[in-house]
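Have a look at the structure below before the remarks.
So that the names make sense, note that chain A is the first sequence line, chain B the second, and so on, each numbered from 1. Note that these values count all heavy atoms, side chains included, but never hydrogens, waters or copies made by symmetry.
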Amino acid sequence: MLVLVLMVNLAIPVFAQTTTLTTTVPDAYPLHLEIQGEGNVAVNGVIYDKSTDISVPRNTAIAITLYPKEGYHVNSIIYNGEKIAADNNGSVTLTNITEESSLKVELLPNSSTPITGDSSNLFLYLSLLVFSGAALVLLCFLRKRNVVN
Amino acid sequence: MKKVITLALALLMVCSMSITAFAATTTLTTTVPEATYTLNIPANQEIPFGTTETSIGNVTVTESNGFAVGKNLEVTVTYDAFTATGITTEIPYKLSLYGNKSSGSMETTDLATGDIVTFRGKTNGTVEEKTVFEYANDEYTVSKIMFVASSEDWGKALAGEYSTTITFTAEVVAE
């Protein structure tokens, strides 16, 4: 007996839809440079004398050199909110910048006491104080003697 | 004569014992419609560089018909890392489902490539508009699909224009 087997492929409809996500990886980041005080800051050899936004390449070391004006010194260097220290040459290297960043440099005058703007002659006033005090004492003494006489 | 009468009576008795049966039929017909639906998926979009987590939308089913309890719509989700032409680096990421319970509490579960999300058929012939997942014996209704990537992976990627395709493959399945 011949048996014929017929196989029927019952196709099940399948539908596909797609969503495409795109992104752009930049080759540089913005670095917000803030200079407080008097002096220059060099970023990769380019000198800046005032606060500005600059573009720095991603994933590369950034050389920072500080040039405080004569009579000024570097008080602090703050990178992305954290204090960092420069070497003896006033240089610091920022490694692997991977996001938008900020660099704040504070340059302060070398004098440790605050300048108040008072230029009075202390010796003169002290002398006047001593002299006027002595004169007052003498007057009192002379008056007393006249009264007694 | 008696024999004739007896024979006639016997014949008459046999003839009166005939049983007549009548049959009538009722035919019921039905038409099983082809299941129809509209699958809504997240739109094409730009992911800002450095994004570690963001919603890309949701996958839902509307205008459905021809379903029933046990006759569901299964959607298989497949995806791969971001790639760019001529650039060796890739940016891997994962998707996760963000769901809410009826009480308002939320939970997330990973949606790995190849995973299936199911839209259950209902007695009224439609399917549930949103898919659900179970977590700790609770059922959460998915309200959004999250894109998740690590900052380290973003940082390793070379500069360029990257893209990735998420494929949603829908199939009507009877349990």
For each of [options], tally heavy-atom pairs with chain A at distances under 4.5 Å, and name the one with the top tally.
{"options": "B:Ser163, B:Ser151, B:Gly57, B:Ala35", "result": "B:Ser163"}
{"options": "B:Thr51, B:Thr78, B:Leu39", "result": "B:Leu39"}
{"options": "B:Ala84, B:Pro42, B:Gly50", "result": "B:Pro42"}

Residue pair [X] / [Y]: nearest heavy atoms and the distance that separates them:
{"X": "B:Leu158", "Y": "A:Arg58", "result": "C-NH1, 4.1 Å"}
{"X": "A:Leu21", "Y": "B:Phe147", "result": "CD1-CD1, 4.0 Å"}
{"X": "A:Pro26", "Y": "B:Ala159", "result": "O-CB, 3.5 Å"}
{"X": "A:Thr19", "Y": "B:Ala43", "result": "CG2-O, 3.4 Å"}
{"X": "B:Thr169", "Y": "A:Ala16", "result": "OG1-CB, 3.8 Å"}
{"X": "A:Thr23", "Y": "B:Pro48", "result": "OG1-C, 4.0 Å"}

Problem - Region of B:Ile87 that comes under 4.5 Å of a non-hydrogen atom in chain A - result: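 Contact with chain A involves no heavy atom of B:Ile87 at all.
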Practice task
Would you mind checking which part of B:Phe168 comes under 4.5 Å of any heavy atom in chain A, side chain (CB onward), backbone (N, CA, C, O), both or neither?
Solution key: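 Contact with chain A: backbone and side chain both.
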Taking everything shown except [X] itself, do over 12 heavy atoms lie less than 6.0 Å from its [atom1]?
{"X": "B:Tyr135", "atom1": "OH", "answer": "no"}
{"X": "A:Asp53", "atom1": "CG", "answer": "yes"}
{"X": "B:Lys122", "atom1": "NZ", "answer": "yes"}

[X], [Y]: one ILVMFWY side-chain cluster at the under-4.5 Å cut-off?
{"X": "A:Ile78", "Y": "A:Val56", "result": "no"}
{"X": "B:Phe133", "Y": "B:Leu111", "result": "yes"}
{"X": "B:Val77", "Y": "B:Tyr98", "result": "no"}
{"X": "B:Val59", "Y": "B:Val148", "result": "no"}
{"X": "A:Leu31", "Y": "A:Tyr48", "result": "yes"}

Exercise for the section: Please state whether the rings of A:Phe15 and B:Tyr37 are parallel, tilted or perpendicular, taking 30° and 60° as the class boundaries. Expected result: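 Correct class here is perpendicular.
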Practice task
Would you please go through residues 126-134 of chain A and name the residues with a non-hydrogen atom below 4.5 Å from one of chain B, in numerical order?
Solution key: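 Result: none.
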Exercise for the section: Quick one: pull up CG in B:Asn44 and OG1 in A:Thr18 and give me the separation to the nearest 0.5 Å. Expected result: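 The OG1 atom of A:Thr18 is 6.5 Å from CG of B:Asn44, to the nearest 0.5 Å.
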